[in-house]
S.K.: 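Dropping a structure here in structure tokens format, bear with me for questions.
Predicted, not measured: the structure shown is a model, and the values here were computed from it.
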Amino acid sequence: MRFTFTGKNMNVAEGLKEQVIAKLSRIEKFLPEDAEAQVIFSTFKHLVKMEVSIPMHKRILRAEVSDNDAAVCVDEALDILERQVKKYKTRLRDRRRRNVATNEEVLYLDAEADMHDAEGEKIIRTKRFAFKPMDAQEAVMEMEMLHHSFYVFRNAQSDEVNVVYKRKDGEYGLIEPR
């Protein structure tokens with residue numbers, strides 16, 4: 001596994017880098033050999049914030065932790081990543097058992113085009129992603145792993161595009177087309 005360390009408002013000490021590498025080596029056996037971990041440390045006020053992103057095949061493992069001590073951040077981030085890997089591996093095992101077809105459709109958008117909507121507002125960013133057939137529970141898991149407030153997916157039962165989202169009360173919602 002390759003590591004990329006970045007420090008915002010701080011210099012990442014060699015000892016801290018070694019600690020991160022040693023801790024993340026515990027989950028390295030579950031990741032592809034060419035995996036790259038992007039580790040960002042930043043400070044604000046009296047807190048140290050650590051963000052770890054590990055892109056995998058069709059998934060991103062991500063942890064974001066803030067604490068007074070950088071060592072505590074490393075331990076908590078490792079715990080979060082271990083849980084995500086465990087969920088991902090059991091989900092894959094269950095999916096293989098169910099033998100669900102995984103036809104993928106890719107939505108292609110021209111990211112370089114200067115797109116405008118009816119009011120003349122400029123769209124400044126476009127994302128491309130695969131619509132993978134999954135159920136709503138799996139979509140919620142993906143959304144939580146990415147720390148997003150919504151997630152667009154293709155429903156495996158209806159084969160339509162759906163959206164799951166996190167409500168202000170902490171519950172989840174599902175948007176289905178008519």
S.K.: Out of curiosity, Ile40 CD1 to Glu64 CD, how far, rounded to the nearest 0.5 Å?
M.R.: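 So the gap between those two atoms works out to 9.5 Å.
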S.K.: Rounded to the nearest 0.5 Å, how far apart are CG of Asp67 and NZ of Lys49?
M.R.: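 Reported to 0.5 Å precision, the distance equals 13.5 Å.
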S.K.: Quick check on side chain to side chain contact (heavy atoms under 4.5 Å, CB included): which of Glu144, Gln38, Glu51 does Arg62 satisfy it with?
M.R.: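 Looking at Glu144, Gln38, Glu51, the match for Arg62 under the side chain to side chain contact (heavy atoms under 4.5 Å, CB included) is Glu51.
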S.K.: So do Tyr172 and Met143 actually touch side chain to side chain, heavy atoms under 4.5 Å?
M.R.: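 When only atoms from C-beta onward are counted, Tyr172 and Met143 do touch, with a gap below 4.5 Å.
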S.K.: Answer whether the closest heavy-atom distance between the side chains of Phe3 and Leu24 falls below 4.5 Å.
M.R.: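 With C-beta onward as the side chain, the pair touches.
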S.K.: May I ask you to check whether over 12 heavy atoms, not counting those of Lys8, lie within 6.0 Å of atom NZ?
M.R.: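 Open: at most 12 neighbouring heavy atoms sit under 6.0 Å from NZ of Lys8.
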S.K.: Tell me the closest heavy-atom pair linking Ser66 and Cys73, and the distance in Å.
M.R.: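 Taking Ser66 first and Cys73 second, the nearest heavy atoms are C-SG, 4.0 Å.
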S.K.: Take atom CD of Gln137 as the centre, draw a 6.0 Å sphere, and report whether it contains more than 12 heavy atoms from other residues, nucleotides or ligands.
M.R.: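 At most 12 heavy atoms, drawn from other residues, nucleotides or ligands, come within 6.0 Å of this atom.
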S.K.: So Val39 and Ser53, do their side chains get closer than 4.5 Å, heavy atoms only?
M.R.: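 Sidechains of Val39 and Ser53: no contact.
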S.K.: Working to the nearest 0.5 Å, report the span between CD of Glu171 and OH of Tyr165.
M.R.: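 Separation between the atoms: 11.0 Å.
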S.K.: Which ILVMFWY residues can you reach from Ile80 by hopping between side chains whose heavy atoms are under 4.5 Å apart?
M.R.: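 Listed partners: Val65.
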S.K.: Is there a chain of hydrophobic side chains (I, L, V, M, F, W, Y, each step under 4.5 Å between heavy atoms) that links Val12 to Ile21?
M.R.: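 Yes, Val12 and Ile21 fall within the same hydrophobic cluster.
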S.K.: Rounded to the nearest 0.5 Å, what separates atom CD1 in Ile27 from atom CZ in Arg83?
M.R.: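 Rounded to the nearest 0.5 Å, the CD1-CZ separation comes out at 12.0 Å.
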S.K.: Name the residue from Leu174, Val164, Asp135 that meets the side chain to side chain contact (heavy atoms under 4.5 Å, CB included) definition with Val140.
M.R.: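 The option that passes is Val164.
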S.K.: Taking all atoms of both residues into account, what is the closest heavy-atom pair of Ile60 and Met145, and its distance?
M.R.: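 Shortest heavy-atom contact: O-CE, 4.0 Å.
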S.K.: Measuring from Lys87:NZ to Gln84:CD, what's the distance to the nearest 0.5 Å?
M.R.: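 Here the interatomic distance stands at 7.5 Å.
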S.K.: Heavy-atom count check: over 12 atoms from other residues, nucleotides or ligands less than 6.0 Å from Phe44 CZ?
M.R.: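 Result for CZ/Phe44: enclosed.
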S.K.: Going by heavy atoms in the side chains, are Arg26 and Glu82 under 4.5 Å from each other?
M.R.: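 Of all side-chain heavy-atom pairs linking Glu82 with Arg26, at least one is under 4.5 Å.
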S.K.: Of all the heavy-atom pairs spanning Met1 and Ala37, show the shortest one and how long it is.
M.R.: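 In terms of heavy atoms, the two residues are closest at SD-CB, 3.8 Å.
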S.K.: Please determine whether residues Met10 and Phe5 belong to a single hydrophobic cluster, defined as Ile, Leu, Val, Met, Phe, Trp and Tyr linked transitively by side-chain heavy-atom distances below 4.5 Å.
M.R.: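 Yes, it is one cluster - the side chains of Met10 and Phe5 are joined through contacts under 4.5 Å.
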S.K.: Where do Arg154 and Val161 come nearest, in terms of heavy atoms and distance?
M.R.: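 Distance-wise, the nearest heavy atoms are NH2-CG2, 4.1 Å.
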S.K.: Quick one: OH on Tyr151 to CD on Glu142, what's the gap to the nearest 0.5 Å?
M.R.: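 Interatomic distance, Tyr151 OH to Glu142 CD, rounded to 0.5 Å: 4.5 Å.
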S.K.: Would you name the heavy atoms of Phe41 and Val74 that are closest together and state the gap between them?
M.R.: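 Minimum heavy-atom contact is CZ-CG2, 4.3 Å.
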S.K.: Are there over 12 heavy-atom neighbours, none belonging to Asn11, within less than 6.0 Å of that residue's CG?
M.R.: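 It does not: Asn11 CG has 12 such atoms or fewer within range.
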S.K.: Taking all atoms of both residues into account, what is the closest heavy-atom pair of Val52 and Ile54, and its distance?
M.R.: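 Taking every non-hydrogen atom into account, CG1-CG1, 4.1 Å.
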S.K.: Do Leu78 and Val72 share a hydrophobic cluster, counting only Ile, Leu, Val, Met, Phe, Trp and Tyr and linking them when any side-chain heavy atoms are less than 4.5 Å apart?
M.R.: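 No, Leu78 and Val72 fall in different hydrophobic clusters.
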